[in-house]
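One structure below.
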Amino acid sequence: MKLFVSGFSPLDQYVEEAIKIRKANFQELVVQRLESRDILKNPTYIQNDDVLICGSTIYEVFKKINVRGQLVPMRVQTSDFFKALNQAAMVGNELNIINYKEVFLKNDTEELERIFNIKIHQYYYTDTEATDRLIDKLIEKNQSIVIGSGLIVSKAIKKGLKGFIWYGEESIKVAVDIAFNLLLARFEEQSIYKRQEYILDHFNEGVLSLNVTGRIIQVNPKAVELLGLQKYRDLRGVSIKEIDELDGIYEHLINSDYSGGKLLEYENKNLYLQSFPIYVKDVNDGSLIIISDAVEIQKHEKKIRRKLYDDSNRAIYEFEDIIGKSEVIKKVKDKAKKIAKSDANVLIIGESGTGKELFAQSIHNASLRSNESFIAVNCAAIPENLLESEFFGYSEGAFTGAIKGGKPGLFELAHKGTLFLDELGEIPLSMQSKLLRILQEKMVRRVGSAKSIPVDVRIIAATNVNLPEQVEQGKFRLDLFYRIGVLKLNLPSLNQRIEDLEDLVLSYTARRHPNFINVIERWIQEISQLLAKCQWKGNIRELENNLERFFAYLESPVNITKRDVLNNLIESLEDNHFSFKNEVTENETYQTLIKEAEINTIKGVLQKTNGNKKDAAKLLGMSRSTLWRKLNEIN
């Protein structure tokens with residue numbers, strides 16, 4: 001794609017500057033100066049995608065000889081014409097305006113003659129040969145000033161007359177803007193076409209675009225391959241009626257609407273066709289047909305399933321991700337690290353929300369099986385009638401709706417790795433006996449199959465129910481309890497590790513709301529003191545839910561005060577119907593809790609300053625008089 005410029009002398013500099021400004025956005029654009037006579041000799045030199053800026057006179061000539069490309073004629077702008085008129089009037093009082101085909105000024109020229117104090121003569125010519133005769137005629141009449149196009153002015157100057165071109169910066173700017181807008185549209189068209197061509201060439205499905213009469217508008221290589229049409233050099237414009245190979249599926253290709261898909265047998269292949277009618281202004285304009293190989297679809301489906309298993313069946317947490325410095329959590333982590341070195345089954349016991357899966361994944365990642373799969377399953381979430389097929393898999397034809405080729409169960413997927421059974425206490429007794437047999441024999445048999453498959457799996461189970469009590473009630477098998485609970489790990493509740501509240505709040509803030517971290521760090525002590533007075537029946541999960549609600553209420557960390565923080569924290573606790581611990585009396589309000597936190601903060605700062613109230617006020621961000629008032633209230 002090129003931009004050609006023809007004519008405009010003596011305004012070449014204006015043209016170059018205008019093009020230079022716009023060309024910055026078209027780094028690969030070629031700009032070329034071309035004489036009009038060269039175009040007249042070789043009209044085909046300019047291609048369809050090229051743009052040519054030329055004078056209005058030669059524009060008419062170029063149109064007659066069918067010069068290709070986009071032609072942008074220079075149009076005289078009123079402001080530029082008046083500038084030329086004014087310059088000419090300063091040289092002489094008699095002017096000659098020469099135009100192509102008709103006089104330039106259609107209305108009476110008396111008003112212009114009066115304003116500029118000049119006499120205006122108007123002439124026009126019908127072909128370029130007549131321009132020389134016209135200028136010679138002006139010389140005979142002793143005329144010396146000419147106003148007109150670049151062609152007229154250049155010839156007048158050569159014959160000794162004074163010429164003033166009626167194009168100026170404004171005229172050039174308008175023409176150049178139009179030219180570059182055309183170029184931009186062409187660039188965008190080419191870009192869209194290239195993208196479409198690339199997509200079609202690399203699309204895994206065949207694409208066949210037909211017009212309303214059944215002629216091929218576009219076809220990609222994949223469609224040619226699937227339909228066996230390689231012998232045809234170019235199918236564009238060919239009617240599918242004329243293609244013998246398509247006789248068998250012609251009726252399915254033309255005038256059909258089955259966006260839901262249709263399976264057809266074609267040349268020993270099963271093709272899956274989807275047809276989409278194309279409408280332009282509510283009028284049918286043909287159709288777009290997507291053609292797929294059914295066998296390839298099945299292969300892709302298997303790859304996707306395998307990829308999903310590979311990405312999801314892994315443990316992402318490690319012991320470093322378990323937050324807390326309390327003695328109780330340190331002891332549990334140390335014990336878990338020892339358990340990780342063993343290959344025996346593990347039973348993790350803890351209340352809801354204490355991080356049982358977090359510990360399970362950490363144990364797996366610290367074990368010798370860390371490079372293998374970690375399969376997690378919530379036993380309470382699987383319907384009882386699907387438990388067996390989910391755990392053990394099924395063979396092809398085992399039941400109605402079974403996937404062709406069968407499906408591996410959780411034990412097969414976890415082979416050489418770890419199977420995490422969450423909510424173990426929810427497994428029904430009928431399933432417990434089958435689970436026990438697999439743990440003993442280390443063999444699994446798919447539903448509907450007589451073949452046993454060896455599996456090497458480590459079980460980590462978790463529960464928040466009292467399994468020994470379940471055993472006594474006959475709801476859980478004692479032998480399964482011993483088989484799974486070789487190693488036991490009891491997780492502490494959040495109420496048993498209150499000293500970890502600061503670390504948990506800061507960690508959650510940094511992970512989910514980092515823009516609030518400075519605010520929370522500033523008043524973490526007061527926040528933790530308030531949270532420590534609460535009963536955490538949902539443990540860390542409940543704490544994080546409450547913190548998420550708390551940050552939603554805060555809205556923004558800008559210009560926020562301690563009172564704002566604590567008030568919003570209390571509101572989030574109230575919305576959760578939170579209950580405080582027994583040491584908080586019925587008459588004690590939420591506001592007294594804030595007051596208590598404030599008193600503890602003042603006392604702590606006074607200890608740091610050795611009782612220096614001036615320094616304490618500065619650290620607390622309040623005036624000395626405010627500090628004195630608060631100390632009097634405390635006393």
Side-chain angles (χ1 to χ4, degrees), residues 47-49 68 185-186 188-308 395-407:
Q47 302 298 309
N48 290 331
D49 289 331
R68 293 182 297 179
R186 288 301 179 98
E188 289 177 349
E189 285 177 9
Q190 286 190 359
S191 176
I192 292 171
Y193 177 78
K194 288 294 184 183
R195 289 173 187 273
Q196 289 177 341
E197 189 178 54
Y198 181 86
I199 291 170
L200 288 176
D201 287 347
H202 294 82
F203 201 46
N204 286 328
E205 271 70 41
V207 178
L208 187 64
S209 178
L210 305 176
N211 69 10
V212 72
T213 64
R215 290 193 177 274
I216 298 172
I217 299 172
Q218 213 166 14
V219 59
N220 72 340
K222 188 67 176 181
V224 171
E225 176 193 332
L226 291 173
L227 297 174
L229 305 178
Q230 290 89 342
K231 73 177 185 180
Y232 296 91
R233 180 172 295 179
D234 189 357
L235 287 164
R236 286 175 297 181
V238 178
S239 173
I240 56 174
K241 296 178 183 177
E242 302 169 5
I243 303 175
D244 296 336
E245 290 86 349
L246 301 182
D247 284 346
I249 60 172
Y250 169 77
E251 62 184 58
H252 300 288
L253 297 176
I254 192 72
N255 297 329
S256 298
D257 179 5
Y258 39 92
S259 55
K262 194 178 188 75
L263 195 62
L264 300 173
E265 188 174 341
Y266 177 80
E267 292 189 353
N268 300 321
K269 292 193 290 281
N270 287 320
L271 297 183
Y272 183 71
L273 270 61
Q274 290 177 287
S275 178
F276 304 92
I278 305 297
Y279 289 92
V280 178
K281 295 182 179 180
D282 298 328
V283 178
N284 185 272
D285 193 44
S287 59
L288 182 71
I289 300 165
I290 308 297
I291 309 166
S292 309
D293 186 338
V295 174
E296 287 192 15
I297 292 176
Q298 291 175 336
K299 287 180 180 178
H300 287 312
E301 183 183 8
K302 288 181 180 179
K303 286 181 180 179
I304 291 170
R305 286 182 178 275
R306 193 180 300 119
K307 183 66 177 174
L308 287 173
S395 60
E396 183 176 341
F399 48 82
T400 302
I403 296 174
K404 185 178 181 180
K407 178 186 173 184

Gap between atom [atom2] of [Y] and atom [atom1] of [X] - 0.5 Å precision:
X	Y	atom1	atom2	result
S292	L226	OG	CG	7.5 Å
I240	L235	CD1	CG	11.0 Å
N284	I278	CG	CD1	8.5 Å
L271	L263	CG	CG	8.5 Å
L246	I216	CG	CD1	7.0 Å
R68	D49	CZ	CG	10.0 Å

Exercise for the section: Determine, step by step, whether E296 and Y272 satisfy the side-chain contact (heavy atoms from CB on, under 4.5 Å) criterion, reporting the C-alpha distance in whole Å, the side-chain angles of both residues, the deciding distance to 0.1 Å, and the verdict. Expected result: CA-CA 10 Å; E296 287 192 15; Y272 183 71; over 6 Å; no
Exercise for the section: Mind running side-chain contact (heavy atoms from CB on, under 4.5 Å) on Y232 and V224 for me, showing each step along the way? Expected result: CA-CA 9 Å; Y232 296 91; V224 171; over 6 Å; no
Please examine the side chains of [Y] and [X], heavy atoms only from C-beta on, and report whether any two atoms are closer than 4.5 Å.
X	Y	answer
L227	I249	yes
Q230	E225	yes
E205	Q274	no

Problem - Qualifying residues under side chain to side chain donor-acceptor pair (under 3.5 Å), relative to D285, sequence neighbours excluded - result: none
Problem - For I291 against L273, the heavy-atom pair lying closest together - result: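 The answer is CG2-CD1, 4.0 Å.
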Exercise for the section: Mark yes or no for whether K269, through its side chain, and D293, through its backbone, hold a donor-acceptor pair below 3.5 Å. Expected result: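 No; judged by distance alone, with no hydrogens or angles, the pair does not exist.
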Handout entry: Under 3.5 Å donor-acceptor, R215 side chain and G237 backbone
Key =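 Yes, R215 side chain to G237 backbone: donor-acceptor pair under 3.5 Å.
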Exercise for the section: Answer yes or no: does atom CD of E265 have more than 12 heavy-atom neighbours from other residues, nucleotides or ligands under 6.0 Å? Expected result: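 No, the 6.0 Å shell around CD holds no more than 12 heavy atoms from other groups.
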Exercise for the section: For V238, check side chain to side chain contact (heavy atoms under 4.5 Å, CB included) against everything at least two apart and list the hits. Expected result: E242, I243
